Asker: 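Below: one structure in structure tokens.
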Amino acid sequence: DKLWEKVAPLIPERGREKGRKYKRRPGGGRKPMEPRKVFEAIVYVLRTGCQWKALPKEFGSPSSVHKYFLEWKGEEVFVNLWRRGLAEYDAMEGIAWSWQSIDGSIVKAPLALETVGPNPTDRGKKWDEAKPPGRRAWNPAVDHRERSQRPRCEAVE
């Protein structure tokens, strides 16, 4: 309940746009889902890592929840929620903004090939296979010939 009190003001209002013509009359179609239930479903997916389609039925239609998620993402609901949480934590504990560090490296590992071995996608290629026994290598009769040239046939008398 305490979390929802902080999240509720960030949720955008849903309604009909003024000046737009709709094909259906007001009240037609499905009723919109409750924002709290949608938020609980989104948190469930993010915490468990399950797929949207694997969402339990108690949360409602998975496609509707995903649609709300994309809509709220576009409205930056989650960015604003993160900012508010960060500001609240800064007020409670204090964040050392003057000391921040980022570490990372992107380099090739020079000894990786020795420890890993050959690339698995290169194993068993046709050019590495031995030729089957009993077959002779193909040798053309002429070293080189242009397409327009016909081989000469000697007249047999």
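Computed from a prediction, not measured in an experiment: that's the story for all the values here.
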Asker: Are W82 and L70 linked, directly or through other ILVMFWY residues, by side chains that come within less than 4.5 angstrom of each other?
Answerer: no
Asker: Give me the atom names and distance for the closest heavy-atom approach of I95 to D90.
Answerer: N-OD1, 2.8 Å
Asker: How close do P12 and V77 get, heavy atom to heavy atom, and via which atoms?
Answerer: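 Shortest heavy-atom contact: CD-CG2, 3.6 Å.
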Asker: Does M92 belong to the same Ile/Leu/Val/Met/Phe/Trp/Tyr cluster as L3, with side-chain heavy atoms less than 4.5 Å apart forming each link?
Answerer: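 Not linked; separate clusters.
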Asker: So, do P35 and Y68 sit near enough that their side-chain heavy atoms are less than 4.5 Å apart?
Answerer: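 In short, these two side chains do not touch, never coming nearer than 4.5 Å.
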Asker: Does some side-chain heavy atom of V38 sit less than 4.5 Å from a side-chain heavy atom of W72?
Answerer: yes
Asker: Using side-chain heavy atoms (C-beta onward) and a distance below 4.5 Å, is V7 in contact with F78?
Answerer: no
Asker: Which distance, rounded to the nearest 0.5 Å, do you find between the NE2 of H66 and the NZ of K53?
Answerer: 9.5 Å
Asker: Which atom names give the shortest non-hydrogen contact between V65 and A41, and what distance separates them?
Answerer: CG1-CB, 3.6 Å
Asker: Of all the heavy-atom pairs spanning L10 and R84, show the shortest one and how long it is.
Answerer: CD2-CZ, 3.6 Å
Asker: Do F39 and V79 belong together in a cluster built from hydrophobic side chains that touch within less than 4.5 Å?
Answerer: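 F39 and V79: separate clusters.
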Asker: A side-chain contact here means heavy atoms from C-beta on lying under 4.5 Å apart; do R36 and D1 qualify?
Answerer: yes
Asker: Nearest 0.5 angstrom please: E88 CD to E93 CD, how far?
Answerer: 11.0 Å
Asker: Enter the distance from W4:CH2 to I11:CD1 here, rounded to the nearest 0.5 Å.
Answerer: 4.5 Å
Asker: Check the hydrophobic clustering (I, L, V, M, F, W, Y; side-chain heavy atoms under 4.5 Å; chains of links allowed) and say if W52 and M33 are grouped together.
Answerer: yes
